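The block underneath contains the structure these notes are about, expressed in structure tokens.
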Amino acid sequence: MPFDGAFAHILVNELNDAKDCHIDKIYQPSRDELVFLLRKKGFVKKLLISAKVGSAKVCFSEEKFENPAVPPMFCMLARKHFSSAKLIETNQQGLERIIELCFSSTNEMGDRVNTKIICEMLGQRTNIILVGEQGRIIDAVRRSSIEDGSRLIQPGAIYTYPKTQNKLNILDTDIENIADKVLAQSELPLSKALLNVLDGFSPLVCREIAFLVSGGDEITLNCDRKSLILALNSVKNTLNEGGTPTLLLKNNNEPYDFTFLPINQYGDTITFKEYGSFCELLNAFYSRKDNSARTHHAAAELLKLVNNLYQRAQKRLGLRLEELKQCENRETLRIYGELLKANLHTDIPNGATFVELENYYDENLALIKIPLNPAISPSQNAAKYFKDYKKTYTAEQTLSKLIENDREEITYFESVLDSLTRAESPADLKDIRTELQEGGYLKQPKGVNPNKKTAVTGFLEFKSDEGYRILVGKNNRQNDYLTTRLANKNDLWFHTKNIAGSHVLVLSDGGDVSDETILFAASLAAKHSKAAASSQVAVDYTPVKYVKKPNGAKAGMVIYTTNKTVFVTPKE
């Protein structure tokens with residue numbers, strides 16, 4: 001990723017639009033992200049600082065962040081030292097990937113103090129460091145080991161900059177001197193030589209300079225000095241003029257890279273999109289990646305919880321099925337009791353371990369061997385068999401209900417796991433978390449009214465060729481809302497047959513729905529289900545009036561009748 005020193009240099013000029021802003025609010029959405037709400041007359045923006053390895057950045061952002069219920073300690077510390085602080089300036093050390101936000105604030109004694117937030121975007125050593133008076137570190141997202149003698153990042157230590165590589169800064173070094181240094185490394189490809197000499201330039205920019213000089217051929221010897229100087233001057237002028245925020249896209253419109261200058265080295269294999277600002281460019285490039293990372297991190301806790309509940313329910317079901325199996329011989333217990341009771345007048349000796357009697361329940365009156373407890377009398381043995389029969393009868397009735405509940409829970413957890421695998425944003429996860437809290441599987445946060453129902457939004461919407469709206473729930477709360485509250489009784493309802501998945505509605509209100517729309521809605525139901533990777537998936541559909549939610553049923557659980565079934569292959 002080319003978030004190099006040259007790109008940071010241009011970005012700093014844009015960030016200085018926030019000069020003289022006061023910090024209104026501070027949030028920490030994740031361990032290595034800080035968000036500041038900056039405000040001044042005619043200017044209100046969120047500043048995002050990310051120290052995520054692979055997506056480190058500092059930029060204004062319009063993104064909505066899901067903040068933890070309890071602010072982390074690092075966030076509380078930032079609020080203590082930087083709340084209401086005024087941004088004096090944003091600067092950069094040379095062309096290093098280090099951006100400093102310099103603030104003026106008031107300490108506990110009422111004195112004005114200068115503080116800094118230093119953003120180091122240095123690959124695996126990316127960091128956010130809070131620095132107070134006299135350059136002393138307040139704290140950092142990533143502290144160094146105390147045994148690390150090279151550079152100490154610990155509260156109370158004096159902040160020192162990372163060691164430089166003694167490369168040349170194109171902005172304050174004579175271009176001819178740079179060209180001579182590059183040409184002195186004639187044994188290397190030109191792009192490698194440029195990378196070794198120039199400070200703050202990524203491999204992408206160095207390859208582009210080499211491309212401008214050579215027209216695409218990697219020159220190792222006898223590079224034209226004049227062409228090299230012209231190319232270096234062109235890049236320097238672009239830097240001084242502010243460059244153009246440019247996103248590089250693959251043929252499938254997937255973001256590939258970003259830069260500040262025109263890129264020609266890829267030919268027709270890459271397309272380009274220009275943005276109005278560099279912050280907008282960074283948000284466009286990283287938004288999908290960051291959202292995915294945040295969602296994955298937030299989903300991990302819920303996945304672990306639901307998986308544990310799912311496995312416990314399966315284990316509990318197995319044990320109860322085994323107990324139920326033991327109840328299968330209860331009729332034998334009753335027969336033993338009846339035969340013993342009918343033969344008490346005969347001479348059944350006390351202390352016997354068994355007795356053989358005619359079984360009048362058998363058409364052939366075959367002898368049956370009945371085990372006896374020698375410690376008790378024959379009449380007591382008969383009474384015990386009747387008692388055991390009654391106990392197994394009660395156990396069978398209770399176990400049957402419990403087993404049915406276990407199976408319902410397993411089906412429910414399968415639906416939640418399916419929703420989690422398809423969650424695309426923190427808002428989706430919040431819906432699932434709320435659902436688990438309402439179901440009693442998660443504790444309600446302190447201060448939250450458990451009886452207060454939160455709004456249900458975010459379901460997917462499509463339109464058929466006939467103009468009908470087609471709605472798809474992404475989790476059980478949305479499924480319930482669509483089916484039991486939003487739908488009309490004559491709308492068409494779709495769901496995968498015996499497979500966890502979304503409820504899909506065609507809002508037809510009894511109108512004629514073509515076979516094409518039915519197949520399209522069915523394919524959406526298959527795509528948004530556990531069978532998304534399968535083919536020929538069975539999907540049931542029926543008018544909503546035949547879909548019922550039983551009293552006490554879990555979120556998303558319904559029963560339906562008068563349905564038809566189609567077989568479809570899920571499609572994007």
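As the structure is a prediction and not an experimental result, all values here were calculated from the model.
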request  = Output, in order, the C-alpha distance, side-chain angles, deciding distance and verdict of side chain to side chain contact (heavy atoms under 4.5 Å, CB included) for I432 and N476.
outcome  = CA-CA 8 Å; I432 297 170; N476 287 320; over 6 Å; no

task = Test side chain to side chain contact (heavy atoms under 4.5 Å, CB included) on N488 and L507 and set out the steps.
result = CA-CA 8 Å; N488 183 289; L507 302 185; over 6 Å; no

task = Kindly determine whether T542 and L492 satisfy side chain to side chain contact (heavy atoms under 4.5 Å, CB included), including the steps that lead there.
result = CA-CA 6 Å; T542 187; L492 276 184; over 6 Å; no

inquiry  = Could you walk me through whether S464 and R469 satisfy the side-chain hydrogen bond (donor to acceptor under 3.5 Å, both in side chains) test, starting with their C-alpha distance in whole Å, then the side-chain angles of each, then the deciding distance to 0.1 Å, before giving a yes or no?
reply    = CA-CA 7 Å; S464 72; R469 291 172 68 201; over 6 Å; no

inquiry  = Checking Q397 against S400 for the side-chain hydrogen bond (donor to acceptor under 3.5 Å, both in side chains) test, could you report, in this order, the C-alpha distance in whole Å, the side-chain angles of both residues, the deciding distance, and whether it holds?
reply    = CA-CA 5 Å; Q397 304 305 308; S400 296; 5.9 Å; no

query = After noting the C-alpha distance and the side-chain angles of N283 and E62, does the key distance pass the side-chain hydrogen bond (donor to acceptor under 3.5 Å, both in side chains) rule?
reply = CA-CA 8 Å; N283 284 315; E62 298 298 323; over 6 Å; no

task = Evaluate the criterion side chain to side chain contact (heavy atoms under 4.5 Å, CB included) for residue pair L48 and K57; output intermediate values, then yes/no.
result = CA-CA 8 Å; L48 168 65; K57 59 185 176 293; 3.7 Å; yes

key: salt bridge (Lys or Arg N to Asp or Glu O under 4.0 Å) evaluation trace for K325 with E322   = CA-CA 5 Å; K325 193 175 180 181; E322 191 62 36; 5.3 Å; no

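Side chain to side chain, S502 and R422 meet the donor-acceptor criterion of an N or O pair below 3.5 Å. A donor-acceptor contact under 3.5 angstrom links the side chains of T517 and E466, judged on distance only.
Between T271 and K250 the shortest heavy-atom distance is OG1-O, 4.2 Å. Across every non-hydrogen atom of P570 and A531, the tightest pair is CG-O, 3.7 Å. Nearest heavy-atom pair across A538 and F567 is CB-CE2, 3.5 Å. Nearest heavy atom pair, residue P255 against residue F285, reads CB-CD1, 3.8 Å. Residues I499 and T496 share a closest heavy-atom pair of O-OG1, 2.8 Å. Annotation for D418 and T421: closest pair O-OG1, 2.6 Å, computed over non-hydrogen atoms.
Once rounded to the nearest 0.5 Å, the distance linking CZ of F258 with CG of L249 reads 13.0 Å. Rounding to the nearest 0.5 Å gives a distance of 8.0 Å between CD1 of I99 and OG1 of T90. Atoms CG and OG, from D24 and S83 in turn, are 9.0 Å apart once rounded to the nearest 0.5 Å. The line from CG of L442 to CG of L436 is 5.0 Å long, rounded to the nearest 0.5 Å. We find the CG-SG distance between L47 and C59 to be 7.5 Å, quoted to the nearest 0.5 Å. The CG atom of N563 lies 12.0 Å from the NE2 atom of H495; values are rounded to the nearest 0.5 Å.
Residue-environment remark: CD (Q536) exceeds the threshold of 12 foreign heavy atoms within 6.0 Å. Within a 6.0 Å radius of OH in Y275, other residues, nucleotides and ligands contribute more than 12 heavy atoms. The local environment of NZ in K549 is crowded, with over 12 non-hydrogen atoms from other residues, nucleotides or ligands closer than 6.0 Å. At most 12 non-hydrogen atoms from other residues, nucleotides or ligands lie less than 6.0 angstrom from NZ of K384. Counting non-hydrogen atoms of neighbouring residues, nucleotides and ligands closer than 6.0 angstrom, the CD atom of Q124 reaches no more than 12 such neighbours.
Counting only heavy atoms from C-beta outward, the side chains of F74 and Q28 approach each other to under 4.5 Å. Residues P245 and E280 form no side-chain contact, since every pair of their non-hydrogen atoms from C-beta on lies 4.5 Å or further apart. Side-chain contact between R142 and R31 is present, with heavy atoms from C-beta onward closer than 4.5 Å. Side-chain contact between D431 and K474: absent, with no pair of heavy atoms (C-beta onward) separated by less than 4.5 Å. Side-chain contact between K545 and N490: present, with at least one pair of heavy atoms (C-beta onward) separated by less than 4.5 Å. At a threshold of 4.5 Å between non-hydrogen side-chain atoms, the residues L101 and L87 count as touching. Counting heavy atoms from C-beta on, the side chains of Y336 and F386 never come closer than 4.5 Å. Looking at heavy atoms from C-beta onward, L38 lies in side-chain contact with I23 at the 4.5 angstrom threshold.
Between D32 and K52, at least one side-chain nitrogen of the basic residue sits less than 4.0 Å from a carboxylate oxygen of the acidic one, meeting the salt-bridge criterion. In this structure, R97 does not pair ionically with D4, as no charged nitrogen and carboxylate oxygen lie closer than 4.0 Å. Remark: K554 does not engage E435 in a salt bridge, criterion side-chain N to carboxylate O under 4.0 Å.
The aromatic rings of W493 and H503 sit perpendicular, their planes meeting at an angle over 60°, well past the 30° parallel limit. Ring geometry for Y481 versus F459: interplanar angle under 30°, hence parallel rather than tilted (30 to 60°). Ring orientation note: the planes of F413 and Y441 are nearly perpendicular, at an angle over 60° on the 30°/60° scale.
Test N264, D268, I270 against Y266 for side-chain contact (heavy atoms from CB on, under 4.5 Å) and you get one pass: I270. Of the candidates L482, L505, T484, V544 forms a side-chain contact (heavy atoms from CB on, under 4.5 Å) with just one, namely L505.
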When the side chains of residues 401-408 are checked against the rest of the protein, which donor-acceptor pairs come out under 3.5 Å, sequence neighbours left out?
unit_1: N405; atom_1: ND2; unit_2: K401; atom_2: O; d: 3.4
unit_1: D406; atom_1: OD1; unit_2: R316; atom_2: NE; d: 3.2
unit_1: D406; atom_1: OD1; unit_2: R320; atom_2: NH1; d: 3.1
unit_1: D406; atom_1: OD2; unit_2: R320; atom_2: NH1; d: 2.9

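The cationic group of K40 lies under 6.0 Å from the six-membered ring centre of F43 and within 45° of the ring axis, placing it in a cation-pi geometry. Taking the centre and axis of the six-membered ring of F60, the NZ or CZ atom of K45 falls inside the cone set by 45° and 6.0 Å. For K463 and Y468, the positive end is not near the middle of the six-membered ring at less than 6.0 Å and at most 45° from its axis.
Separation of the F7 and F278 ring centroids falls under the 6.0 Å cut-off. Aromatic ring centres of F36 and F82: separated by at least 6.0 Å. Between Y546 and Y560, the distance from one ring center to the other does not fall under 6.0 angstrom.
At least one donor-acceptor pair under 3.5 Å links the side chain of T246 to the backbone N or O of T244. The backbone N or O of E396 lies less than 3.5 Å from no partner atom in the side chain of E323, so there is not a single donor-acceptor pair.
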